[in-house]
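All chains are named by letter (A, B, ...) in the order of the sequence lines, taking the proteins before the strands, and each is independently numbered beginning at 1. Not measured: the values here are computed from a predicted model.
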Amino acid sequence: MVQINNVLVLALCGAILVACVGMLVYILPSLCFFMPFRWEEERYTDGVKWKFLEHKGPVFAPPYDPLPSNVKFYYDGKHMKLSSTAEEVATFFAKMLDHEYTTKEVFRKNFYKDWRKEMTSEEKSKITDLNKCDFSEMSEYFKAQSEARKAMTKEDKQKIKEENERILQEYGFCIMDNHKERIANFRIEPPGLFRGRGDHPKMGMLKRRIRSEDIIVNCSKDSKHPKPPPGTKWKEVRHDNKVTWLVSWTENIQGSIKYIMLNPSSRIKGEKDWQKYETARRLKKCVERIRAQYRDDWKSKEMRIRQRAVALYFIDKLALRAGNEKEEGETADTVGCCSLRVEHLTLHQEMGGQEYVVEFDFLGKDSIRYYNKVPVEKRVFKNLQLFMEDKEPEDDLFDRLNTSILNKHLQELMDGLTAKVFRTYNASITLQQQLNEITNSEDNVPAKILSYNRANRAVAILCNHQRAPPKTFEKSMQNLQTKIDAKKEQLADAKRELKMSKYLAVESKKKAVQRIEEQLMKLEVQATDREENKQIALGTSKLNYLDPRISIAWCKKFGIQIEKIYNKTQREKFAWAIDMAGKDFQF
DNA sequence: ACAACCACTTAGTACCGGTGCA
DNA sequence: TGCACCGGTACTAAGTGGTTGT
């Protein structure tokens, strides 16, 4: 692929017109004949996303491969041959046997119920108790299979790799408006047992196999339409250029729609990403006005206005998510700002020498716990007392508010403003401020990168991006410490030698000491970084919340290679920004 | 007004394969 | 040469927010 730098004039959809910008663009030589420059293409209005779209359709999950006859299932201690359909579902369970959740009541109940639906009537009458089912031979068989896969010869592994590459080349790309673009997820999700996050009421349910007849294909009329597998038909072929997806189907657990879409490196995703940060930068210009407004609204005589103002304060100060309502019993019980309940807050008139402290404790997205003690203004505190008065723990804190009301209000304050823009804005501005504050131009490269990671970490903490500490964390910390100790010893040795050699090769020994000192420093920095990162995930904020131009400008300003901050995939995703941002870019 | 639906972004985790070390 | 480790990636669930229909 050839990379070409140039100026792209983009008029963004609708009424919003954004200024001209430089943008790095990938051009496919083979397609250059038709459309030599991406930036010569017109921008679409009225929600049109493309003019031409051609692709090969999805890759289906491989069909079920029945167990060999020596791998047996036992019911109540006795061998029982299962029908192919029932056997397949049983293997899903067998593959998860080592996981804790196969012991959970809800998981077992849901699985058993759905499994029975797949049984023949004979099987249904025989199998009446999940506890009497013995999947252990199946489980052992799959473990052996995975061992065998690991032990394959280089040649066999190479063959598989080549086959995957072939599939990727055939199905992994599409043509959208004269550009070959990478598809993000061209494989249909295979059948299996649903495992939601946290305490999910539907865990263990059977996620059914997707067939051609479930698939809606979206492509342009004048494209070569993808062919369904022989003997099958698509549910529908449509030509909707107001959407970006290539393929969709309805999933059976929540009844929601799943999509095949393009990779983040694609034009369509990149432009949207850029737009998102431009909206956040527009918020920067008016955020003080909005803050003054909501502070004023804390005093409103209308309860709904006060609630709106306090919620917005939380969203702004704590980077909480909006908090849409959710259907009870359909998903795990998690909340965001607007859906907070009385039970999620504890008010402390005084705590640890601070006045008006609010203690938050709730499960947010992905059932990640949000726990925080925050001193708030007296007015906020008094309002919260008011909102909580005469309510049960399970009552909504903001009973006069929801995300729709809040977003309508925000829309009036700034064009394109919604609750999530505050998260983007606060994340990016925090990175910018932290970098400005803590980067020391005297530092060497590893120390500067430590500063960067610390700035990134401040954002991840703000956004509550947590991770389970890696299973091998303690061990890998220990290993690193061992390395550090060894390096220290080596340094001591080198210093001793330098002292001894008054005349011979002093210069080279000085250099050796210096080199070892540098290595030691690098290791120590690495240890600090890793320790501070134990329970914090940096990836999510880096990928979704931090305007990449901030990081790129920082790299340029301090002479750090961009490769140290962004890996290959990330550089592809942020190609637009890499070209756009000079060393003086400020968010 | 609000519920249902749809499209799209954001999210953590499991897994894989390359790398570097004993 | 085998193995641990780590970064990268695939996967897919879980959010947000707009639109549509009643």
- Spacing of A/Leu320 atom CG relative to B/dT10 atom C1', expressed in whole Å: 16 Å
- Nearest-angstrom distance from the residue atom CZ of A/Arg149 to C1' of B/dG17: 14 Å
- Message: When you measure from the side-chain N and O atoms of A/Tyr545 to the phosphate of B/dT9, is any distance below 4.0 Å, counting only OP1 and OP2?
- Response: no
- Item | Atom NZ of A/Lys221: over 12 foreign heavy atoms under 6.0 Å | no
- Query: Does the side chain of A/Lys276 get closer than 4.0 angstrom to OP1 or OP2 of B/dT10 through an N or O atom?
  - Reply: yes
- Query: Roughly how many Å is it from CD in A/Glu330 to P in B/dC5, rounded to a whole number?
  - Reply: 12 Å
- Message: Return a single string for nucleotides 2-7 of chain C, one symbol per nucleotide in 5' to 3' order, where B is base contact, S is sugar-phosphate-only contact and - is none, cutoff 4.0 angstrom on heavy atoms.
- Response: --SSS-
- Message: I'd like to know if A/Glu251 and A/Lys207 make a salt bridge, using a cut-off of under 4.0 Å between side-chain N and carboxylate O.
- Response: no
- Has A/Ser404 got a side-chain N or O lying under 4.0 Å from the OP1 or OP2 atom of B/dA1? no
- Considering just the side-chain nitrogens and oxygens of A/Lys49, establish if one lies under 4.0 Å of OP1 or OP2 belonging to B/dC8. yes
- Message: Rounded at 0.5 Å granularity, tell me how far CD1 in A/Ile188 sits from CZ in A/Phe60.
- Response: 5.0 Å
- Message: Test your reading of the model: is there a side-chain donor-acceptor pair from A/Gln570 to the backbone of A/Asn567, 3.5 Å cut-off?
- Response: yes
- Message: Just the rounded figure in Å: distance from C1' of C/dA10 to CD1 of A/Ile260.
- Response: 14 Å
- Mind checking whether A/Tyr259 and A/Trp245 have parallel, tilted or perpendicular rings, split at 30° and 60°? tilted
- Have a look at A/Lys157 and say if it touches a base, only the backbone sugar-phosphate, or nothing, with a 4.0 Å heavy-atom cut-off. nothing
- Task: Could you tell me whether the phosphate oxygens of B/dG12, OP1 or OP2, come under 4.0 Å of any side-chain nitrogen or oxygen in A/Thr540?
- Result: yes
- Query: Do side-chain atoms of A/Ser428 reach the backbone of A/Asp547 as a donor and acceptor pair under 3.5 angstrom?
  - Reply: yes
- Does the side chain of A/Arg423 get closer than 4.0 angstrom to OP1 or OP2 of B/dA11 through an N or O atom? yes
- Note on the structure: Taken to the nearest whole Å, CG/A/Asn218 to P/B/dC6 is 14 Å
- Task: Would you kindly give the CG-to-P distance between A/Asn164 and C/dA10, to the nearest whole Å?
- Result: 11 Å
- Would you kindly give the NZ-to-P distance between A/Lys573 and B/dA11, to the nearest whole Å? 11 Å
- Are A/Glu140 and A/Lys143 within salt-bridge range, i.e. N to O under 4.0 Å? yes
- Message: Please verify the inter-ring angle class for A/Phe574 with A/Tyr566; under 30° counts as parallel, over 60° as perpendicular, anything in between as tilted.
- Response: tilted
- Answer yes or no for A/Lys180 and A/Phe173: cation-pi contact, defined as NZ/CZ to six-membered ring centre under 6.0 Å and angle to ring axis within 45°. yes
- Message: If you assign each of A/Ser541 and A/Trp245 to its closest nucleotide in DNA chain B, which residue comes earlier from the 5' end?
- Response: A/Trp245
- In whole angstrom, give the distance that lies between atom CD1 of A/Ile268 and atom C1' of B/dT9. 14 Å
- Salt-bridge present (A/Lys568, A/Glu572; N to O < 4.0 Å): yes
- Task: Give the B/S/- string for nucleotides 12-22 of chain C, one per nucleotide from 5' to 3', where a protein heavy atom under 4.0 Å of the base yields B, of only the sugar-phosphate yields S, and otherwise -.
- Result: BSBSBBS----
- Note on the structure: Of A/Lys242 and A/Lys161, the one whose closest nucleotide on DNA chain B sits nearer the 5' end is A/Lys242
- Which part of the nucleic acid, if any, lies within reach of A/Arg369 when heavy atoms closer than 4.0 Å are counted: base, sugar-phosphate only, or nothing? nothing
